[in-house]
Each structure stands twice: as structure tokens, then as C-alpha cells.
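Below is one structure; the comments refer to it alone.
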Amino acid sequence: MNILIFGPNGSGKGTQGAIVQKKYGVPHIETGVIFRENISKKTPLGEKAKAYIDRGELVPDDITIPMILARLKEDDAKNGWLLDGFPRNLAQAEALWNALQNENIKLDIVIEIDLDRETAKKRIMGRRLCKMDNNHPNNIYIEAIAPHTHDGKTVCRVCGCEELSTRDDDQDTAAIDKRHNIYYDTKTGTLAAVNFFKERTKVIVVDGRAGVKEVSEELMKKLG
């Protein structure tokens, strides 16, 4: 099963992607990891990408897409893959689609986690980090994983640690808005890319407003 997954920052895309990955036993392929691996291995494409990154510029699609295609052809992806983090806009969606067609690689399903912008922003800003383990999920705006209260103090819902903190970038409203401006753009942004695929392949849309369990149950039901 070859799958693309979309969702705004704050939608729980990473969590749901891990669930889908486990269901199908396919690698979860993230473009950021592809870049880092190519750069660390000093592949020809990695060297080209590094030059752009070092200049603070975006890596062109004619470098990014061949990297992605090479990763999709690796042995662990023979039975399918879950691609996350690309495409981010309409032009990239068109380029990726054409590249997949040229390589006779079928895109089976696109998953879209639908979440309104305000809720997504609140969820990002509501994340709380446990000093004992940052992987303990705590979010003041998600009832299912809200921190607990003990003796009048807010504590980690998993281990009871009293020291919860926030990540600086989670509280940077300008940075959040910038990312969301790209995602929610229906003309040239990420949602435009989603709409592009809706005209060409099967797209499953799940309501991201519910809790993690409810979203995953809906997703699994629609995936069959």
C-alpha cells in the first residue's frame, strides 16, 4: 500500500501516521530524514541539496523528488510506503504525481486529517513537556491527554511529574501562523495539493477534532 498523509501542524499527523505504518508494515518516510541521510552520505543529490540549505534557500523540486523516488525504491519499501512531509504545495503535488506516473509507481491512498486552523493552533500552543520524559503526552487543550491536577498543581498525566514546560517554538505564534499560511492555502498551498490528488486518486478524509483514539478508529474503518 502506497500512501501519502496530510495534516496541519497540531493535527496529530505523526501519531496517526505511526498507526497506519504499523497496520500495513510499511516504512514511514519523511522528507527531512531523506535530506539528512543524503547529506550525511554525501550522495550527489545530497551535495546539491546541502549547497542550497547552506545558503538558506529552499531545495528545488528537481533535487527533492529524485531523492524521494530513490527512497521509495529501496528494499524496505517494496511492499508499500507512507510518505509524510511532501508535497507542501500545488506545484510539488503536480511534479510528484508526474514523477510517480513516469516511474509506474502507483499512489493507492491519500489521507487527509481535517482540522480547522484555530484548533490546530491551540493544540500546538497547548503542548506541555514532562521533565522526566518528553514523550509523555500532555496537552492542556486536548481533554484525552490533558495534564492532571494534584494538590493544586498541574502534573504530568503519565508519571505525575510536577515540572511541565513548553517548547519555545510551540509558543511562537508568528512561526505557527507562517506554517499554517502555507498549509491552509487552497490556491497554491498544501490544501491545494490535497485537492489536486482528490481529482486523481482515492482520498480518505478524517475529522481531526476528535481524540487520538477516535481519529485512529475512524481512519482504520475508512482504510478497511
Side-chain angles (χ1 to χ4, degrees), residues 1-9 11-41 43-46 49 58-115 182-186 188-208 212 215-224:
M1 185 72 73
N2 299 334
I3 305 168
L4 271 181
I5 186 167
F6 291 94
N9 290 94
S11 66
K13 175 167 64 78
T15 299
Q16 299 304 328
I19 293 171
V20 173
Q21 175 192 20
K22 185 176 181 180
K23 173 181 173 65
Y24 290 106
V26 298
H28 186 175
I29 298 172
E30 298 177 273
T31 50
V33 174
I34 294 175
F35 278 127
R36 289 191 292 273
E37 288 182 346
N38 275 269
I39 290 171
S40 67
K41 293 177 181 177
T43 68
L45 288 172
L58 293 175
V59 179
D61 296 342
D62 60 2
I63 295 175
T64 301
I65 290 178
M67 279 189 192
I68 292 173
L69 291 177
R71 178 66 184 89
L72 300 183
K73 294 176 182 178
E74 291 185 12
D75 287 344
D76 67 336
K78 284 184 177 179
N79 295 322
W81 38 263
L82 174 69
L83 181 60
D84 182 1
F86 191 91
R88 295 181 184 274
N89 57 49
L90 177 58
Q92 290 178 343
E94 293 171 343
L96 178 63
W97 177 262
N98 290 334
L100 291 174
Q101 298 302 301
N102 290 337
E103 295 289 335
N104 292 316
I105 299 175
K106 184 183 179 183
L107 176 59
D108 296 299
I109 293 176
V110 174
I111 297 170
E112 178 194 0
I113 301 177
D114 182 34
L115 187 64
I182 297 170
Y183 187 86
Y184 288 100
D185 181 348
T186 57
T188 61
T190 310
L191 283 185
V194 176
N195 291 334
F196 172 85
F197 288 115
K198 285 180 178 178
E199 297 175 357
R200 289 163 176 80
T201 191
K202 182 178 180 180
V203 177
I204 290 174
V205 182
V206 294
D207 186 350
V212 173
V215 173
S216 62
E217 287 176 349
E218 180 188 359
L219 180 54
M220 290 302 104
K221 183 178 180 180
K222 289 186 173 180
L223 283 171

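In this text the structure is predicted, and so the values were computed from the model without any measurement.
- Checked options Ile105, Thr201, Leu72, Ile109; the residue passing with Asn2 is Ile105 (criterion: side-chain contact (heavy atoms from CB on, under 4.5 Å)).
- How far CD of Glu94 is from CG of Leu96: 11.0 Å, rounded to the nearest 0.5 Å.
- Between Phe196 and Trp97, the two ring planes are perpendicular [angle over 60°; tilted spans 30° to 60°].
- Looking at every heavy atom in both residues, Gly208 comes nearest to Ile113 through CA-CG2, 3.8 Å.
- The minimum heavy-atom distance linking Gly80 with Pro27 is given by the pair O-CD, 3.3 Å.
- The pair Glu218-Lys222 meets the salt-bridge criterion, with a side-chain N (NZ, NE, NH1 or NH2) lying under 4.0 Å from an Asp/Glu carboxylate O.
- Closest approach of Leu69 to Ala99, counting heavy atoms only: CD1-CB, 3.9 Å.
- Side-chain contact check for Thr43 and Asn38: at least one donor-acceptor pair (N or O, by modelled atom type) lies under 3.5 Å.
- The minimum heavy-atom distance linking Gly17 with Leu82 is given by the pair O-CD2, 3.2 Å.
- Shown here for Val206 and Leu219, the closest heavy-atom pair between the two residues is CG1-CA, 3.8 Å.
- In this structure Lys41 satisfies the salt bridge (Lys or Arg N to Asp or Glu O under 4.0 Å) test with no other residue, sequence neighbours excluded.
- Going from atom NZ of Lys106 over to atom CD of Gln101 covers 10.5 Å, rounded to the nearest 0.5 Å.
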Give the C-alpha distance, both sets of side-chain angles, the deciding distance and a yes or no for side-chain contact (heavy atoms from CB on, under 4.5 Å) between Tyr24 and Asn79.
CA-CA 9 Å; Tyr24 290 106; Asn79 295 322; over 6 Å; no
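- Counting heavy atoms from C-beta outward, Asn9 and Tyr183 have side chains that stay 4.5 Å or more apart.
- Closest approach of Gly85 and Thr31 over heavy atoms only: O-OG1, 3.5 Å.
- Taken from CG in Asn104 to CG in Asn102, the straight-line distance is 8.5 Å, to the nearest 0.5 Å.
- Distance check: Leu45 CG to Asp62 CG gives 9.5 Å after rounding to the nearest 0.5 Å.
- Side-chain contact between Pro87 and Leu4: present, with at least one pair of heavy atoms (C-beta onward) separated by less than 4.5 Å.
- Side-chain contact check for Leu107 versus Phe197: some heavy-atom pair is nearer than 4.5 Å.
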Walk me through whether Lys23 and Met1 qualify under side-chain contact (heavy atoms from CB on, under 4.5 Å).
CA-CA 10 Å; Lys23 173 181 173 65; Met1 185 72 73; over 6 Å; no
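- Within a 6.0 Å radius of CG in Asp76, other residues, nucleotides and ligands contribute more than 12 heavy atoms.
- The CG atom of Asn195 lies 11.0 Å from the CZ atom of Arg200; values are rounded to the nearest 0.5 Å.
- You'll find the side chain of Leu83 stays beyond 4.5 Å of the side chain of Arg71, heavy atoms only.
- The distance from the CD atom of Gln92 to the OG1 atom of Thr190 is 8.0 Å, given to the nearest 0.5 Å.
- Partner of Leu191 under the side-chain contact (heavy atoms from CB on, under 4.5 Å) criterion, chosen from Ile182, Thr186, Asn89: Thr186.
- When Lys202, Lys13, Lys198 are each tested for a salt bridge (charged side-chain N to carboxylate O under 4.0 Å, His left out) with Glu112, only one passes: Lys198.
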